[in-house]
Amino acid sequence: SAHIRSRYGIEMPVAVETPKQPEFGELALPVAFQLAKHLRKPPKAIAAELAAELGPLPGVASLEVAGNGYLNVRLDRAAYAASLLSGAAEETAGAGDEGKIIVEHTNINPNKAAHIGHLRNAVLGDTFVRMLRARGRCVEVQNYIDNTGVQVADVVVGFHRLEGKGPEEVARLAAETPRFDYLCWDLYARVSSYYAENPAALAWRQETLHAIEEGEGDAAKIAHIVADAIVQAHLATMWRLGITYDVLPRESEILHLKFWATAFELLKERKAIYLETEGKNAGCWVMPASAYSGDAESDESKVIVRSNGTVTYVGKDIAYQLWKFGLLGKDFYYRPLMTYPGGHQLWVTTDEPHPDAPRFGRGTWVYNVIDSRQSYLQDVVVAGLRALGFNEQAERSIHFSYEMVALSPRCCAELGIELSEEDRKRPYVEVSGRKGLGVKADDLIDKLIEEALAEVASRHPDDTPKRQREMATRIAIGALRYFLLKYTRNAVIAFDFQEALSFEGETGPYVQYAAVRARNIWRKLEERGEALPDFERELTPEALGRQLRSDALWQLLVAASKTDSAIERAIASGEPAHVAKYAFQLAQIFSNFYHEFPVITEENREKKVFLLWMTGYIRRQLERTLAVLGIDVPEYM
């Protein structure tokens, strides 16, 4: 860029590509094609000028003109390897001027057990957070708890109206029932069926919802008991997958601390919403369709406040989004909720101040991990920010959307879910929490662990049952997380046990197996009574240059050194699947290396030391990549 500025007087960023064939070098620069438009010269001639004039560059062996004007870069192999060996090539990235990034994910209604669809949300969000933190970004993880919504109200209706239970009885059930979230799962499905058969009973829902929002009476007390107990169950489920949060903002505090009232006044003051006086929305405060759809002709205004005075989800979401950016002029109070193993503190919102509470919110960027069916509502939230004049924050409000998770018919059969003949022929079967059809997250995890345990026990019969289960758990969680991550976010997933747990193909266990094999090479060396070499002393630049005359070893090393750039690309595209794909490619690279080069038995000292270093380097890159995916490496497979 500097040379082009001084030579041609043109400001131009230089794109860097990877050549299609490794024999063309490590980098390809298409800049001559861009310059050709300004200089009115053939790209090939410009590329030749650049190659001749740039002269020797540190770390570059040669610049070559290729094709009709590409400038191909061949790296100095010895210098590149030496920088990796010394750690000088470790890329660093900090928060820079990006400020705090808020990622909100999981967001399960606290009315029943988590299911497999919730796991995709949580694993995507958690992995995106790990990607950002791996590159030095400052990230705050939020998990919004809708503890005053319709779903909680329906469970309260079940306990209070259908079963005639009071707060004390429900509290006892919550304390004494091993799986209270499972009990509520069944009750929620029963209430949904009851409404279908007795439509007049829907009035109970509205009465209960109003009582919960006002915080009055037995219904509000039961809602509090139910939501708090199930939030604890959800946190335990997510911890099984290594997922943690920084703060749980609760809808009850959004109401009680008048967040919505403040946002409502702002929206009215800026004329972002208006009171509808006629038609089906008479008496409602609405946002015109033109604000969020860009269609001035559309008359499908979005109701923000209903005619009975209750606020819709999207209204509360606008208030919440304003708070996330520090634009509301109000804040929550917080109290410690729990401490995760390892010491990380989780906070929850409350309506009483705490002297040691951190500052939450005030983000520069906000990512909301919510499924694609909520795209319309997320558009309305962003339109609310724009209507209030917060255009920069609207641009930095990202809907991190994803498609649903279904089950393969084979998976349904393994879980004992009865299917119709028609459903058996489908590629996947959709789940429905309202109908009670689906697989609970903990049941799925338990089933994966049991299947992995059978394999582990057969391969390692002499180990203790406790260790066998520990290794099986790592394999099962790795299989589940990888399966949920390897698909791009816009793909519908049909979960299948056999496919997820396979040790072959693009799976978590395949990648874990490569890392285990890499560890085993160093372990076998020690078992033979040999110490690890002093790599920096023995692998001089000259030695590295000799060993890297092998194109195969050079290409393995280059591929293994791209972890940071793979993560950066995945962040830029918002696709954790790219990191999963890179992990799989890295595992394949190591598998090829493992089979082609007998490290332990290599007789040439220099080559053996080099191969041992390569083994350790690829292993570290594999483990770093797996850590970003939230996957632990077991000690054996």
Side-chain angles (χ1 to χ4, degrees), residues 98 100-110 114-135 137-146 149 231 234-235 237-239 241-251 313-314 316-318 320-321 323-325 346 360-361 363-382 385 393-405 433 441 480-493 567 570-580 628-630:
E98 291 185 346
K100 182 198 287 183
I101 300 170
I102 291 174
V103 179
E104 179 206 341
H105 68 80
T106 305
N107 315 351
I108 311 171
N109 290 313
H115 60 62
I116 189 171
H118 299 134
L119 292 184
R120 187 177 197 189
N121 180 310
V123 169
L124 276 171
D126 178 64
T127 304
F128 189 59
V129 168
R130 288 167 183 265
M131 286 159 47
L132 291 167
R133 286 178 173 163
R135 301 300 297 135
R137 269 66 154 202
C138 172
V139 188
E140 178 177 298
V141 187
Q142 300 182 5
N143 176 6
Y144 180 72
I145 308 298
D146 182 6
V231 164
H234 291 166
L235 292 174
T237 299
M238 295 306 157
W239 173 245
L241 295 168
I243 296 171
T244 63
Y245 312 92
D246 297 317
V247 64
L248 308 182
R250 300 191 303 180
E251 185 160 316
Y313 282 125
V314 75
K316 286 177 277 193
D317 283 348
I318 291 171
Y320 181 31
Q321 195 79 350
W323 169 78
K324 287 177 182 174
F325 282 111
L346 172 63
F360 293 109
T364 305
W365 289 82
V366 173
Y367 289 81
N368 295 327
V369 184
I370 302 175
D371 81 48
S372 57
R373 291 169 292 185
Q374 304 298 316
S375 294
Y376 157 71
L377 295 178
Q378 286 292 297
D379 288 346
V380 176
V381 170
V382 171
L385 293 182
Q393 288 82 1
E395 288 297 322
R396 293 180 169 187
S397 296
I398 312 298
H399 178 200
F400 201 82
S401 65
Y402 62 93
E403 287 293 340
M404 68 174 180
V405 183
L480 177 57
R481 286 192 66 120
Y482 192 91
F483 193 92
L484 293 172
L485 290 168
K486 72 176 182 176
Y487 300 96
T488 54
R489 292 188 284 122
N490 61 1
V492 174
I493 295 178
I567 296 168
I571 290 170
S573 62
E575 277 292 3
H578 294 339
V579 181
V628 168
L629 298 173

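Residue indices begin at 1 and follow the sequence shown.
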Review point. Pick from Val366, Ile102, Ile101, Val103: which one makes a side-chain contact (heavy atoms from CB on, under 4.5 Å) with Glu140?
Key: Ile102

Check your understanding: Where do Pro110 and His234 come nearest, in terms of heavy atoms and distance?
Key -> CA-CE1, 4.0 Å

Review point. How about Asn121 and Asp371: do any of their side-chain heavy atoms sit closer than 4.5 Å?
Key: no

Study note, to complete from the structure: One should read off an interatomic distance between Phe325 CZ and Tyr320 OH, to the nearest 0.5 angstrom, of 11.5 Å

Check your understanding: Is the closest basic N to carboxylate O distance between Lys100 and Asp246 below 4.0 Å?
Key -> no

Check your understanding: Just by distance, with hydrogens left out, do Arg481 and Thr127 show a side-chain donor and acceptor under 3.5 Å apart?
Key -> yes

Review point. If you round to the nearest 0.5 Å, how far is CG of Leu124 from OH of Tyr402?
Key: 7.5 Å

Practice item. Examine distances only and state if a side-chain atom of Arg489 and a backbone atom of Ser401 form a donor-acceptor pair shorter than 3.5 Å. Key: yes

**Study point:** Val405 and Leu119, any side-chain heavy atoms less than 4.5 Å apart
**Key:** no

Review point. Atom OH of Tyr367 and atom CZ of Arg396: how far apart are they, to the nearest 0.5 Å?
Key: 10.0 Å

Check your understanding: Between Phe483 and Tyr487, how do the two ring planes meet: parallel, tilted or perpendicular, split at 30° and 60°?
Key -> perpendicular

Check your understanding: How many angstroms lie between CD1 in Ile370 and OG1 in Thr106, if you round to the nearest 0.5 Å?
Key -> 11.5 Å

Exercise for review: For residues Leu377 and Asp317, determine if any side-chain heavy atom of one lies less than 4.5 Å from a side-chain heavy atom of the other.
Suggested key: no

Point to revise | Option from Lys324, Gln142, Gln374, His105 for which side chain to side chain donor-acceptor pair (under 3.5 Å) with Asn368 holds | key: Lys324

Point to revise | Between CG on residue Leu629 and NZ on residue Lys486, distance to nearest 0.5 Å | key: 13.0 Å

**Study point:** Nearest non-hydrogen partners of Arg120 and Ala491, listed with the distance
**Key:** NH1-O, 2.7 Å

Practice item. Using a 4.5 Å cut-off on heavy atoms from C-beta on, say whether the side chain of Ser397 contacts that of Leu385. Key: yes

Study note, to complete from the structure: CH2 of Trp365 to CD of Glu395, rounded to nearest 0.5 Å, is 8.5 Å

Check your understanding: If every non-hydrogen atom of Leu346 is compared with every non-hydrogen atom of Leu235, which pair is closest and at what distance?
Key -> CD2-CD1, 3.7 Å

Review point. Which heavy atom in Pro249 sits nearest to a heavy atom in Trp323, and how many Å separate them?
Key: CG-CZ3, 4.5 Å

Exercise for review: Scan side-chain atoms only and decide if Glu403 and Ser372 contain a donor-acceptor pair under the 3.5 Å cut-off.
Suggested key: yes

Practice item. Report yes or no: does Asn143 contribute a side-chain atom to a donor-acceptor pair with the main-chain N or O of Asn107 at less than 3.5 Å? Key: yes

Review point. Can you find a heavy atom in the side chain of Thr244 that is under 4.5 Å from one in the side chain of Val141?
Key: no

Check your understanding: Does a salt bridge link Lys316 with Asp146, judged by any charged N lying under 4.0 Å from a carboxylate O?
Key -> no

Study note, to complete from the structure: Closest non-hydrogen contact found for Val369 with Gly125 is CG2-CA, 4.0 Å

